[in-house]
Amino acid sequence: MTETIVRTEGLGRDFRVRDGLRRRTVVAVEDLTIEVAAGEAVGYIGANGAGKSTTIKMLTGILVPTRGEVRTCGLRPVPDRRRLAREVGVVFGQRTQLWWDLPVRESLRILAAIHSLSAAEERTRSDELVDRLELADFLTTPVRQLSLGQRMRAEVAAALLHSPRLVILDEPTIGLDVLSKQRLREFLVEERRTHGTTLLLTTHDMGDVERLCDRVLLVDRGSLVFDGTLPGLSATVGAERVLVLDLASSTPDLVDVEGTRHQGSEGGGLRQRLAFDPGATTAARVLAQVSERAEVLDLAIEEPDVEDVVRRIYASRR
Amino acid sequence: MRGSGRTYWRLLVAGFRRQSTYRLAALGGLVANATFGFLKVAILFAAVRAAGGELEGYDVGAISAYIWVSQAMLGSVNLNGRTDLAERIRTGDVAVDFLRPVDVQGAFVATEVGRSLFAFLPRGLPTLAIGVLVVGVPLPDHAWALPLGLVSLLLAVTISATTVYLLATSGFWIVETRGLQILYMVLSGFLAGLFIPIWFFPEWLAVLASATPFPAMLMYPTDVLSGRVDGSGALMHVLVQVGWLLATVAAGQWLTRAGRRRLEVQGG
């Protein structure tokens, strides 16, 4: 049996906020029961305000839960905060843990001191991270002069320097360009493969989930509404596909093609999007019907958009 | 488990190194410290002479020692109340500090003391040297004014760090600490005895000053180092400093713990 890295039971957190003159209670996390095994890569997704950051803060001992139980790496996060800090590495996409006015190398040295790494451990791990995250070019540059992509790579190195068993990433790719995102994802996949690191990430970027995670937890208003694989998530709301058609001439909206739903038209009907359920009809049948009315120049089939799936799950619960 | 001494030592060294990246600022600080030193010489020498060569136990030599020792310490004690920590608390970045296996207060104080100690090299010692060479500073009468003075000095920079820590952590409750920081800046120099020795104050004001940690950051170490107090007087100063250190550390621990519970307010 594999070890459990994260276990929560009925975990919840309320906030007291001032609302004009009165105070009211806002439930950020309502009743969360999850379990993450060692070595898993879990995407923790949900809309803004769904309670993702609050959960992360409770898992890492920054926030005291209002109710419920939580164990991270077998420890109680709040009382065992400092022991837990040696087991967990956290990357906040919008917070920095580097020293703004110091070179990257200096920040890594300070962190090695903070984590009491031996000189040998520090050298080995530092070299590994510098190599794999390609930090060598800007190791002596003060952090304030780095580009966002460079800074995020340095942030990840900083969070992983002490070889944590669990790495929590809160919106790690926010604001990054496509190439930087890709590099970061590749690094994380490799880190997990070589060290068996458990990954837990919150993100709005479904690319992160698709490339990195083998399991998805979807939260809505502080409760878990889905726990499974990404294809499983799509299946729960019906895996609609979209056929994108480029037509030779302007064509009236194809609203009555059997088994499809017209999603939209561009360029006066030159490009039209038809959504269909692959269980009910096939792309070939849809295409045959369209061909009777217009000349098809090109076509593409879009897989279900996960964000759309999430939106639909939310909508179905309201 | 309080984190090993080696960890805090390395944080201290990191603070020292970090400060060393601001060479131009250090030079500017030196110029300012020396300039104000000469200004104080002009005013306080005149005051002592006008009083007939002695004022509240200070003759010209003693006042010179007071001026140059206190000016030399100025770059190392934080009398302006500004800290990175206050900003980190305001933005919520302090959450990251709580994700490290160290005591947040201990890490802050170690780093600050490191910065303070570095500042003695480009600012403190040259300021003192300028005073000694240009104006003249008499040596203390007692051989152990120096070792005890260095202990007092170390205590002073540490108390300055533990005190501004209290100021910064008040940000857990009041979000915008700038008003408090300005109040601190206005009061600290005066009550620490930066402009005139607190022994020149009227009785009630001297008592008021002694009820704050500020004299322990500047006046007491200056007294001990310059040899103005000796024997039991010097020892008393150091003991009072130890008292302030313990009090501010305890208050800081308490504020840290209470502040952690408030952390949720800033930043989702």
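Since the model is a prediction, treat every value here as computed from it, not as a measurement. Here is the naming used below: chain letters follow the sequence lines, and residue numbers restart at 1 for every chain.
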Sort Val88(A) into side chain, backbone, both or neither according to what part of it lies under 4.5 angstrom from a heavy atom of chain B. neither

Please classify the contact between Leu102(A) and chain B as side chain, backbone, both or neither, with a heavy-atom cut-off of under 4.5 Å. side chain

Should His115(A) and Pro101(B) count as side-chain neighbours, where that means a heavy-atom distance under 4.5 Å? yes

Pick from Leu99(B), Asp97(B), Leu11(B) with the largest number of heavy-atom pairs that fall under 4.5 Å of chain A: Leu99(B)

Is the shortest side-chain N to carboxylate O distance from Arg17(B) to Glu106(A) below 4.0 Å? yes

As a quick check of understanding, evaluate side-chain contact (heavy atoms from CB on, under 4.5 Å) for Arg82(A) and Val104(B), giving each step before the final call. CA-CA 10 Å; Arg82(A) 277 156 59 186; Val104(B) 173; over 6 Å; no

Rounded to the nearest 0.5 Å, what separates atom CZ in Arg6(B) from atom OG in Ser118(A)? 7.5 Å

Near Arg22(A) CZ, under 6.0 Å, is it more than 12 heavy atoms from other residues, nucleotides or ligands? no

Heavy-atom distance under 4.5 Å to chain B: side chain of Ala28(A), backbone, both or neither? neither

Nearest heavy-atom approach of Arg88(B) to Thr96(A) is NH2-O, 3.9 Å

Under the side-chain contact (heavy atoms from CB on, under 4.5 Å) rule, what do Asp101(A) and Tyr22(B) come out as? Steps first, then yes or no, please. CA-CA 9 Å; Asp101(A) 43 6; Tyr22(B) 297 105; 2.2 Å; yes

What part of Ile56(A) lies closer than 4.5 angstrom to a heavy atom of chain B: side chain, backbone, both or neither? neither

So what's closer than 4.5 Å to chain B heavy atoms on Trp100(A): side chain, backbone, both or neither? neither

Answer yes or no: are there more than 12 heavy-atom neighbours, outside Phe16(B) itself, under 6.0 Å from its atom CZ? yes

Are there more than 12 heavy atoms of other residues, nucleotides or ligands under 6.0 Å from atom CZ of Arg178(B)? no

Residue part contacting chain B, namely of Leu111(A), when any heavy atom lies under 4.5 Å: side chain

With rounding to the nearest 0.5 angstrom, report the CZ to CZ distance, Arg100(B) to Arg81(A). 11.0 Å

Using a 6.0 Å cut-off, check whether atom CZ of Arg18(B) has over 12 heavy atoms from anything other than its own residue. yes

Scored by heavy-atom pairs under 4.5 Å with chain B, the best of Ser116(A), Ala159(A), Pro142(A) is Ser116(A)

Give me the atom names and distance for the closest heavy-atom approach of Arg95(A) to Thr91(B). NH1-O, 2.9 Å

Is any side-chain N of the basic residue among Arg10(B) and Glu122(A) closer than 4.0 Å to the acidic one's carboxylate O? yes

Carefully, step by step, assess Arg260(B) and Leu63(A) under the rule side-chain contact (heavy atoms from CB on, under 4.5 Å). CA-CA 8 Å; Arg260(B) 256 184 92 191; Leu63(A) 266 185; over 6 Å; no

